[in-house]
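Reading through the structure tokens given below for one structure.
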Amino acid sequence: MISDTLIEKLQNSQHLVILTGAGVSAESGIPTFRDALTGLWENYDAESMASEFGFLADPALVWGWYEWRRNKVLCAQPNPAHYSIAQLAKKIPKLTLITQNVDDLHERAGSSDVLHLHGSLHQPRCLLCAEPYALTDETAPEKVMTQESRIEPLRCHRCDGPIRPGVVWFGEQLPAKGWQLAQEACRHCDLMLVVGTSGAVWPVADLPYRADKAGASIVQINPGITSLNAIAAFNLCGKAGEVLPQLYAAAFGDA
Ligand code: OAD
């Protein structure tokens, strides 16, 4: 049940921030990280798979795992949550979309200027000289592959160094420009939707607290409970692909 107060706040919002995490892509078949049984970090050691140290220790294992994930994304489609977010941007004077996701499902649903604070599976670069590596159809991962597929990393055209995934690993800085824009948006927005994130990874997890302090109302959309339940003015308990279309329809009618 969506409250009238929330519907009015959404209708009157001048600057809406939406922060998404893995949960927004879950209904597209992309695994989350921390959900029991299905989360990626349930079965893999995050330090081995998401650090430069782990990559150097076993490049083929790590590159193969990211290629498996990239293939999953290439085969996936945006779900109603991604589409509702793209529709909201047409109804509200300013919308800043911040994501921790490394897939491109927001863009494929029609969102633009997405702030990818944890990087992208689709923009790898050289480990040594940081030269971006342009992926082509020829470098598309095999359709049939498993999480354990070992694949030797591509080599840099400039210096022959190994190509690493373009995601932010533990201990690395967030993309400076995106992080700056995200912080600014959280200082100035009047409403913030936090969708499908456990809020376990900082500094991104701090953004809702900053927005709350700056006076915005926080809305959480998540079937589970997180630490954000304590400060969220509205907790919409449910799947993003169901709750977001309902919220959109309640505020603006059917898309
Ligand atoms: P998590 O796996 O930590 O959390 C996913 C959240 O989504 C949980 O709170 C679930 O309850 C919720 N969820 C599951 N299904 C959902 C659905 N259908 N609709 C809405 N919510 C749902 O994922 P993140 O919070 O995104 O970092 O994880 C943050 C970061 O940790 C990731 O970006 C990744 C990881 O280490 C990097 O790769 C750098």
Side-chain angles (χ1 to χ4, degrees), residues 18-55 62-63 65-66 68-70 72-73 76-85 97-106 109 114-124 164-175 178-179 182 193-209 218-230 232 234-248:
I18 303 183
L19 169 64
T20 64
V24 82
S25 295
E27 289 152 84
S28 295
I30 307 297
T32 62
F33 293 91
R34 294 176 183 80
D35 280 303
L37 302 178
T38 55
L40 293 172
W41 294 158
E42 287 286 308
N43 301 307
Y44 283 93
D45 171 35
E47 277 298 306
S48 313
M49 293 308 210
S51 70
E52 186 173 322
F53 173 79
F55 181 70
V62 174
W63 181 254
W65 188 68
Y66 282 91
W68 168 75
R69 288 178 57 196
R70 186 163 74 91
K72 260 194 139 13
V73 170
Q77 298 302 326
N79 69 57
H82 299 107
Y83 287 113
S84 296
I85 290 170
L97 177 53
I98 306 168
T99 190
Q100 297 164 91
N101 296 346
V102 292
D103 62 49
D104 60 354
L105 295 176
H106 281 306
V114 186
L115 302 177
H116 279 273
L117 295 187
H118 286 170
S120 164
L121 285 171
H122 309 282
Q123 290 165 8
R164 58 157 283 176
V167 305
V168 176
W169 279 335
F170 289 108
E172 295 179 339
Q173 299 286 320
L174 303 187
W179 177 234
L193 308 186
V194 184
V195 187
T197 177
S198 61
V201 174
W202 292 67
V204 176
D206 197 35
L207 290 173
Y209 295 91
I218 309 299
V219 183
Q220 177 170 237
I221 299 174
N222 197 315
I225 290 174
T226 75
S227 55
L228 211 57
N229 281 69
F234 305 92
N235 279 294
L236 304 183
C237 186
K239 292 181 174 183
E242 294 167 8
V243 174
L244 271 165
Q246 285 164 14
L247 183 60
Y248 180 93

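Counting convention: from 1, in listed order, for ligands and their atoms alike.
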Open item on the list: Once you restrict to heavy atoms under 4.0 Å, what part of Val201 touches ligand 1? Side chain, backbone, both or neither.
Closed with: side chain
Task: Gap separating the OG1 atom of Thr197 from the CZ atom of Arg34, nearest 0.5 angstrom - done: 8.0 Å
Task: Minimum-distance protein heavy atom relative to atom 3 (O) of ligand 1 - done: Ser198 OG, 2.6 Å
TODO: Please report which non-hydrogen protein atom sits nearest to atom 11 (O) of ligand 1, along with the residue it belongs to and the distance in Å to one decimal place.
DONE: Asn222 OD1, 2.7 Å
- [ ] Ignoring angles and geometry beyond distance, decide whether Ile221 reaches within less than 3.5 Å of ligand 1 through its nitrogen or oxygen atoms.
- [x] no
Task: Parallel, tilted or perpendicular, as decided by the 30° and 60° cut-offs, for the rings of Phe170 and Trp41 - done: tilted
- [ ] May I ask you to identify the nearest protein heavy atom to atom 27 (O) of ligand 1, giving residue, atom name and distance to one decimal place in Å?
- [x] His118 ND1, 3.5 Å
Open item on the list: Can you tell me which residue among Leu97, Val24, Val204, Ile218 is in a side-chain contact (heavy atoms from CB on, under 4.5 Å) with Leu19?
Closed with: Val204
TODO: Without swapping roles, check the side chain of Ser28 against the backbone of Gln77 for a donor-acceptor pair under 3.5 Å.
DONE: yes
Open item on the list: I'd like to check the ring-ring contact (aromatic ring centres under 6.0 Å, His included) partners of His106; sequence neighbours left out, ordered by chain and number.
Closed with: His82
Task: Which residue and heavy atom of the protein sit nearest atom 32 (C) of ligand 1, plus the separation - done: Phe33 CE1, 3.5 Å
Open item on the list: On a heavy-atom basis, I'd like to know which of Ala22, Cys237, Gly21, Ala46 is closest to atom 23 (O) of ligand 1.
Closed with: Ala22
Open item on the list: So if I apply the side-chain hydrogen bond (donor to acceptor under 3.5 Å, both in side chains) rule between Ser25 and each of Thr20, Asp103, Thr99, which one comes out positive?
Closed with: Asp103
Task: Per-residue contact class, Phe170 against ligand 1 - non-hydrogen pairs under 4.0 Å - done: side chain
Task: N/O donor-acceptor pair under 3.5 Å between Tyr66 side chain and Met49 backbone - done: yes
Task: Non-hydrogen atom of Trp41 closer than 4.0 Å to ligand 1 - done: yes
- [ ] Decide whether an N or O pair under 3.5 Å exists between Lys239 and ligand 1.
- [x] no
Task: atom 14 (C) of ligand 1 - nearest protein heavy atom and its distance - done: Asp35 OD2, 3.3 Å
Open item on the list: Heavy-atom distances under 4.0 Å decide this one: backbone, side chain, both or neither, for Glu27 against ligand 1?
Closed with: side chain
TODO: Report the part of Arg34 (side chain from C-beta onward, or backbone N, CA, C, O) that has a heavy atom under 4.0 Å from ligand 1; answer both or neither where that applies.
DONE: both
- [ ] Report the member of Ala26, Pro223, Ala50 with the shortest heavy-atom distance to atom 22 (C) of ligand 1.
- [x] Pro223
- [ ] Please identify which atoms of ligand 1 are closer than 4.0 Å to at least one heavy atom of Val168.
- [x] 39 (C)
Task: From Leu115 atom CG to Trp179 atom CH2, the distance as rounded to the nearest 0.5 Å - done: 11.0 Å
Open item on the list: Starting from atom 17 (C) of ligand 1, what is the nearest protein heavy atom, named by residue and atom, and what distance separates them?
Closed with: Gly23 O, 3.3 Å
Open item on the list: If I take atom CD from residue Glu47 and atom CZ from residue Phe53, how far apart are they, to the nearest 0.5 angstrom?
Closed with: 8.5 Å
Task: Protein heavy-atom partner closest to atom 29 (C) of ligand 1 - residue, atom, separation in Å - done: Gln100 OE1, 3.4 Å
Open item on the list: Whether the side chain of Thr226 engages the backbone of Leu228 through a donor-acceptor N/O pair (distance < 3.5 Å, no angle test) should be reported.
Closed with: yes
TODO: Start with the C-alpha gap between Asn101 and Ile30, add the side-chain angles, then the distance that decides, and say whether side-chain contact (heavy atoms from CB on, under 4.5 Å) holds.
DONE: CA-CA 10 Å; Asn101 296 346; Ile30 307 297; over 6 Å; no
TODO: Return the residue, atom name and 0.1 Å-rounded distance of the protein heavy atom closest to atom 19 (N) of ligand 1.
DONE: Ala240 N, 2.9 Å
